[in-house]
Amino acid sequence: MSDLSLRESVLNELEFEPSVNAAHIGVAADHGVVTLSGHVGSFAEKLMAERVVQRVKGVRAIAQEIEVRWPSHQKSNDDEIAQRALKIIEWDTTIPNGKVQLKVQKGWVTLTGEVAWYFQSSAAESAVRKLSGVIGITNNIVIKPAVQAGDIKHRIEDALKRNAELEANQIRVLVSGGRVTLEGKVSAWHERVLAERAAWAAPGVNIVVDHLAVA
């Protein structure tokens, strides 16, 4: 696929997605690497734009340069964002009480703390993602390993084999403590996402390094 055709496909997909206002999003393509620029009205919309591009055939990598520009009448002070974020985290039953802390600086939320599972860390990030005034999130929540490396490797490899969309024999799983490295190749970008999800779903995983190539 040519760069021009890929750019056109990405633009069409962005315009097709109702939750994204593509009017102020710029797209450039260079040998499968898509660069997104411009601005959107919320952090959630920025993330959705990235997800939309991931599902386009021919995309091998994404450079995310979109800015979040909240309308002036919707902007919130950092203390207001922090209070709302703490409340929504407390209300989420999947997040253990008292395990997640946060700070807000100029609309950017930094999450810290320690949990036992990746889905709990992800839930905390998802909880604050759509709050008014948030322009970005840094997730520094630590996932404490609770199982042996060999068990992690076995669980991930089994999960990859169960997924009908993946060629598990093309993916190598390397485990060191709670760190998982994926190597090998997949046929499309969304397969990288599936492989990453399988790795994160294993108990004790706190870092996933994706070295999978899109062939």
Side-chain angles (χ1 to χ4, degrees), residues 32-36 43 46-48 50-51 53-55 59-65 85 89 92-105 108-129 134 136-215:
V33 179
V34 174
T35 301
L36 300 176
F43 183 60
K46 175 180 177 178
L47 293 181
M48 178 54 70
E50 184 175 334
R51 292 193 185 115
V53 177
Q54 288 177 354
R55 67 193 187 209
V59 174
R60 301 180 61 210
I62 299 173
Q64 173 61 282
E65 298 177 3
I89 287 175
D92 193 323
T93 57
T94 64
I95 305 170
N97 290 333
K99 294 296 185 178
V100 175
Q101 297 80 44
L102 62 88
K103 74 172 183 178
V104 185
Q105 186 173 15
W108 197 284
V109 180
T110 300
L111 300 172
T112 56
E114 184 179 287
V115 294
W117 293 83
Y118 169 73
F119 79 84
Q120 295 169 331
S121 170
S122 180
E125 183 174 335
S126 297
V128 301
R129 184 176 294 161
V134 174
I137 299 173
T138 299
N139 190 342
N140 289 334
I141 298 173
V142 175
I143 301 168
K144 187 177 180 180
V147 294
Q148 298 297 318
D151 191 29
I152 294 175
K153 178 179 172 67
H154 179 71
R155 287 172 182 248
I156 295 173
E157 288 177 340
D158 284 349
L160 293 173
K161 291 175 183 177
R162 288 194 298 269
N163 195 311
E165 296 186 58
L166 294 173
E167 292 291 338
N169 59 347
Q170 299 293 318
I171 300 174
R172 295 185 299 278
V173 180
L174 307 176
V175 180
S176 177
R179 178 189 178 96
V180 175
T181 301
L182 301 175
E183 297 182 346
K185 61 182 180 180
V186 292
S187 59
W189 181 277
H190 79 279
E191 292 182 10
R192 288 187 64 181
V193 177
L194 291 175
E196 286 184 19
R197 287 177 182 171
W200 278 120
V205 174
N206 52 33
I207 299 175
V208 174
V209 181
D210 187 350
H211 288 165
L212 293 171
V214 180

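Quick note: residue numbers are just sequence positions, from 1.
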Flag if over 12 foreign heavy atoms under 6.0 Å of CZ, R60: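 Open: at most 12 neighbouring heavy atoms sit under 6.0 Å from CZ of R60.
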Check each of R162, K161, H154 against D158 using the side-chain hydrogen bond (donor to acceptor under 3.5 Å, both in side chains) test, and report the only one that passes.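 Filter result, single survivor: H154.
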Go through the steps for E125 and L111 under the test side chain to side chain contact (heavy atoms under 4.5 Å, CB included), then give the verdict. CA-CA 8 Å; E125 183 174 335; L111 300 172; 4.2 Å; yes
Interatomic spacing from CD in Q120 to CD1 in I95 - rounded to 0.5 Å: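 Result: 8.5 Å between the selected atoms.
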From CD1 (I171) to CD1 (I156), nearest 0.5 Å: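 Between atom CD1 of I171 and atom CD1 of I156 there are 11.0 Å.
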The criterion is side-chain contact (heavy atoms from CB on, under 4.5 Å); which residues satisfy it with [X], sequence neighbours excluded?
X: H211; answer: T181, E183, V209
X: K99; answer: P96, V115
X: N140; answer: T110, T112, T138
X: E65; answer: T35

Taking the side chain as everything from C-beta on, heavy atoms only, tell me whether [X] gets closer than 4.5 Å to [Y].
X: F43; Y: I137; value: yes
X: V33; Y: I62; value: no
X: Q54; Y: V59; value: no

Stepwise, does the side chain to side chain contact (heavy atoms under 4.5 Å, CB included) test hold for L160 with N163? CA-CA 5 Å; L160 293 173; N163 195 311; 6.0 Å; no
Below 4.0 angstrom, N of the basic side chain to O of the carboxylate: do K46 and E50 qualify? no
Using 4.0 Å as the upper bound for N to carboxylate O, is an ion pair formed by D151 and R155?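 Salt bridge between R155 and D151, a charged N being under 4.0 Å from a carboxylate O: yes.
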If every non-hydrogen atom of [X] is compared with every non-hydrogen atom of [Y], which pair is closest and at what distance?
X: V128; Y: A85; result: CG1-CB, 3.5 Å
X: T94; Y: A123; result: OG1-CB, 3.4 Å
X: R179; Y: N206; result: N-OD1, 3.9 Å

Where the side chain of S126 meets the backbone of S122, is there a donor-acceptor pair that is under 3.5 Å apart? yes
Donor-acceptor contact present, side-chain E167 to main-chain A164, <3.5 Å: no
Apply the test side chain to side chain contact (heavy atoms under 4.5 Å, CB included) to residues E114 and I141: give CA-CA distance (whole Å), side-chain angles for both, the deciding distance (0.1 Å), then the verdict. CA-CA 6 Å; E114 184 179 287; I141 298 173; 5.9 Å; no
Does the pair S121 and W117 meet the rule for a side chain to side chain contact (heavy atoms under 4.5 Å, CB included), with working shown? CA-CA 7 Å; S121 170; W117 293 83; over 6 Å; no
Applying ring pair (Phe, Tyr, Trp, His ring centres under 6.0 Å), which residue pairs with at least one partner in residues 169-188 are found, sequence neighbours left out?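 Those involving residues 169-188 do not exist here.
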Mind listing the side-chain donor-acceptor pairs of residues 184-205 below 3.5 Å, one per line with the distance, residues two or more places apart or on another chain?
from: S187; atom 1: OG; to: E191; atom 2: OE1; distance (Å): 3.2
from: S187; atom 1: OG; to: E191; atom 2: OE2; distance (Å): 2.7
from: H190; atom 1: NE2; to: E165; atom 2: OE1; distance (Å): 3.2
from: E191; atom 1: OE1; to: S187; atom 2: N; distance (Å): 3.1
from: R192; atom 1: NE; to: D210; atom 2: OD2; distance (Å): 3.1
from: R192; atom 1: NH2; to: D210; atom 2: OD2; distance (Å): 3.3

